[in-house]
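A short worksheet on the structure shown next.
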There are 2 protein chains.
Amino acid sequence: MFKLSSGFKSGLRILTLLAKTEPGQPVPISDMAPKLGLSDKYLEQLLMILRRAGLVRSIRGSNGGFLLAHSPAKITVRQILEALQGPIDLCECSREDCQECVRPEVWRAIETCFSGTLATLTLQHLISRDAFQILPHSIVLPDSPLWQEGGGI
Amino acid sequence: MFKLSSGFKSGLRILTLLAKTEPGQPVPISDMAPKLGLSDKYLEQLLMILRRAGLVRSIRGSNGGFLLAHSPAKITVRQILEALQGPIDLCECSREDCQECVRPEVWRAIETCFSGTLATLTLQHLISRDAFQILPHSIVLPDSPLWQEGGGI
DNA sequence: GCTTTTCCTATCGATTTTTTCGGATACTAT
DNA sequence: ATAGTATCCGAAAAAATCGATAGGAAAAGC
């Protein structure tokens with residue numbers, strides 16, 4: 001299956017929950033876990049990953065908990081994906097002449113496309129009810145009016 | 001890690017090989033395996049998957065082998081990916097009211113974006129040396145000049 | 001009927017992902 | 001101070017996925 005990990009999806013829900021709470025008000029794990037339907041320990045581990053990635057910060061001790069490290073508009077879906085699912089690396093090969101795959105430059109183009117979309121999509125987009133569009137895109141041949149100089153494969 | 005499976009990459013190379021042979025001329029496994037650097041048995045398994053997906057057809061018995069089921073321009077990279085790596089399902093839920101994910105319509109849009117690119121990219125693009133571009137895309141807000149009526153989320 | 005070659009299914013090993021566990025450390029409030 | 005709260009850390013069990021191998025059945029051609 002070509003799918004997003006459940007860790008990533010949980011991460012989104014965690015950050016969404018934090019984004020909806022009073023800014024500056026830390027939320028403890030014991031508070032979040034039941035709301036998210038996750039065990040305390042598992043949630044804790046996901047939060048640690050998000051913290052090391054710099055997306056949330058934590059306050060220890062009594063009345064402690066977790067907060068967003070930045071405003072929702074500054075946290076991109078790409079950052080969340082890379083934190084919890086690892087780097088987006090459709091074609092692992094770095095060599096231009098890789099025998100393993102056909103035309104690796106194609107994967108790199110698609111990769112840029114995909115992670116570009118995720119980089120423009122922020123937590124703010126997800127929590128607000130504001131409308132937005134994600135423009136479709138397509139393969140463009142040199143004779144198209146959309147062709148851009150120097151961008152071809 | 002968010003990456004393409006090696007099965008998919010092998011599948012691309014298999015189909016590329018078939019696309020370059022005389023049309024109507026079946027190629028046996030014993031012929032392909034050494035060229036692709038795969039074991040006969042593993043290659044066989046991949047070809048079975050491609051056959052069940054309707055991308056290649058087979059001829060049994062002596063002088064048998066495999067052929068493309070359609071012309072290279074009719075076989076999309078998306079079909080190959082879905083055959084060998086399973087359905088592209090960034091957000092598993094199909095329900096509109098899914099509690100698991102945040103704004104499922106967003107994933108569906110991204111998914112359409114991603115698999116849309118792969119659907120326009122054909123085997124013909126990969127085997128030819130013709131240049132092409134894959135246009136980047138982005139989030140568009142209603143106040144943007146790029147906003148298209150009725151396409152918003 | 002023998003060879004060639006596809007077809008089917010089961011399994012094993014390795015890796016990755018998800019989840020659980022035990023305890024250490026830091027902070028607050030009383 | 002000390003008890004309580006809550007984050008931190010590392011290890012590892014459990015489950016799922018993926019890559020690859022193996023044995024044999026069915027079909028077609030000569």
Side-chain angles (χ1 to χ4, degrees), chain A residues 1-14 18 25-34 36-67 69 81-89 92 100-101, chain B residues 1-14 18 25-34 36-69 81-89 92 100:
Chain A
M1 275 269 271
F2 199 70
K3 62 171 189 174
L4 297 169
S5 71
S6 80
F8 166 66
K9 289 183 194 170
S10 297
L12 277 182
R13 296 174 56 230
I14 293 168
L18 290 178
Q25 189 69 20
V27 186
I29 289 173
S30 54
D31 230 57
M32 280 188 262
L36 297 168
L38 302 172
S39 77
D40 282 27
K41 279 301 196 178
Y42 183 44
L43 173 56
E44 178 192 310
Q45 191 170 310
L46 294 176
L47 279 164
M48 283 303 146
I49 294 170
L50 291 172
R51 189 181 66 87
R52 287 181 200 121
L55 300 180
V56 304
R57 61 193 175 84
S58 55
I59 296 172
R60 280 156 75 130
S62 210
N63 295 326
F66 292 84
L67 314 87
L81 183 67
E82 295 216 318
L84 289 164
Q85 193 151 356
I88 298 171
D89 202 1
E92 281 159 296
E100 281 301 306
C101 48
Chain B
M1 276 270 269
F2 200 70
K3 62 171 189 174
L4 299 169
S5 71
S6 82
F8 167 65
K9 290 183 195 171
S10 296
L12 277 181
R13 298 203 300 131
I14 293 167
L18 289 178
Q25 190 69 18
V27 186
I29 289 173
S30 54
D31 230 55
M32 280 187 263
L36 297 168
L38 301 172
S39 77
D40 282 28
K41 279 300 195 179
Y42 184 44
L43 174 56
E44 178 192 311
Q45 193 171 309
L46 294 176
L47 280 164
M48 283 303 143
I49 294 170
L50 292 173
R51 190 182 65 87
R52 288 183 198 118
L55 299 180
V56 304
R57 60 193 175 85
S58 56
I59 297 173
R60 277 156 77 131
S62 211
N63 294 327
F66 292 85
L67 313 87
L68 288 187
L81 183 67
E82 294 214 318
L84 289 164
Q85 195 151 353
I88 297 172
D89 206 0
E92 277 161 298
E100 278 304 304

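Just so we're clear, the structure is a prediction, and the values are computed from it rather than from any experiment. Letters A, B, ... mirror the listed sequences (proteins, then strands); counts begin at 1.
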Nearest-Å distance, [atom1] ([X]) to [atom2] ([N])?
X: A:K3; N: D:dA16; atom1: NZ; atom2: P; answer: 10 Å
X: B:L84; N: D:dA20; atom1: CG; atom2: P; answer: 13 Å
X: A:Q45; N: D:dA11; atom1: CD; atom2: P; answer: 13 Å
X: A:L46; N: D:dC8; atom1: CG; atom2: P; answer: 14 Å
X: B:F8; N: D:dA20; atom1: CZ; atom2: C1'; answer: 20 Å

TODO: Report the residue from A:L43, A:L47, A:I59, A:I14 that forms a side chain to side chain contact (heavy atoms under 4.5 Å, CB included) with A:F66.
DONE: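 Single side chain to side chain contact (heavy atoms under 4.5 Å, CB included) partner of A:F66 among A:L43, A:L47, A:I59, A:I14: A:L47.
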Spacing of [X] atom [atom1] and [Y] atom [atom2] [to the nearest 0.5 Å]:
X: B:L55; Y: B:L67; atom1: CG; atom2: CG; result: 13.5 Å
X: A:R51; Y: A:E44; atom1: CZ; atom2: CD; result: 11.0 Å
X: B:L50; Y: B:L68; atom1: CG; atom2: CG; result: 10.0 Å
X: A:K41; Y: A:I29; atom1: NZ; atom2: CD1; result: 8.0 Å
X: B:M1; Y: A:D89; atom1: CE; atom2: CG; result: 5.0 Å

TODO: For B:L38, report the nucleic acid contact type (base, sugar-phosphate, nothing); a contact means any heavy atom under 4.0 Å.
DONE: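 Here B:L38 touches no strand at all.
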Which heavy atom in [X] sits nearest to a heavy atom in [Y], and how many Å separate them?
X: A:G7; Y: A:Y42; result: CA-OH, 4.1 Å
X: B:P28; Y: B:P26; result: CD-O, 3.8 Å
X: A:A83; Y: A:A53; result: CB-CB, 3.6 Å

- [ ] Specify the residues of residues 47-54 of chain B, ordered by number, for which at least one heavy atom lies under 4.0 angstrom from an atom of DNA chain D.
- [x]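 Those residues whose heavy atoms fall under 4.0 Å from DNA chain D, taken from residues 47-54 of chain B, amount to none.
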TODO: Considering only heavy atoms of chain B and a distance under 4.0 Å, specify the first and last nucleotide of DNA chain C in 5' to 3' order that meet this criterion.
DONE: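 Extent of the interface on DNA chain C: C:dT4 to C:dT17.
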Task: Listed nucleotide nearest any side-chain atom of A:S58, set D:dA11, D:dC8, D:dT21 - done: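 Of D:dA11, D:dC8, D:dT21, D:dC8 is nearest to the side chain of A:S58.
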TODO: Verify, without hydrogens or angle tests, whether B:Q85 (side chain) and B:S5 (backbone) share a donor-acceptor contact under 3.5 angstrom.
DONE: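 Checking the backbone N and O of B:S5 against the side chain of B:Q85, a donor-acceptor pair under 3.5 Å is found.
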Task: Min side-chain heavy-atom separation A:L84-A:L12 under 4.5 Å - done: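 No, every pair of side-chain atoms sits at 4.5 Å or beyond.
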Open item on the list: Counting primed atoms plus P, OP1 and OP2 as sugar-phosphate and everything else as base, spell out the protein contacts along nucleotides 24-30 of chain D at 4.0 Å heavy-atom distance: B, S or - for each nucleotide, 5' to 3'.
Closed with: B-BBBSS
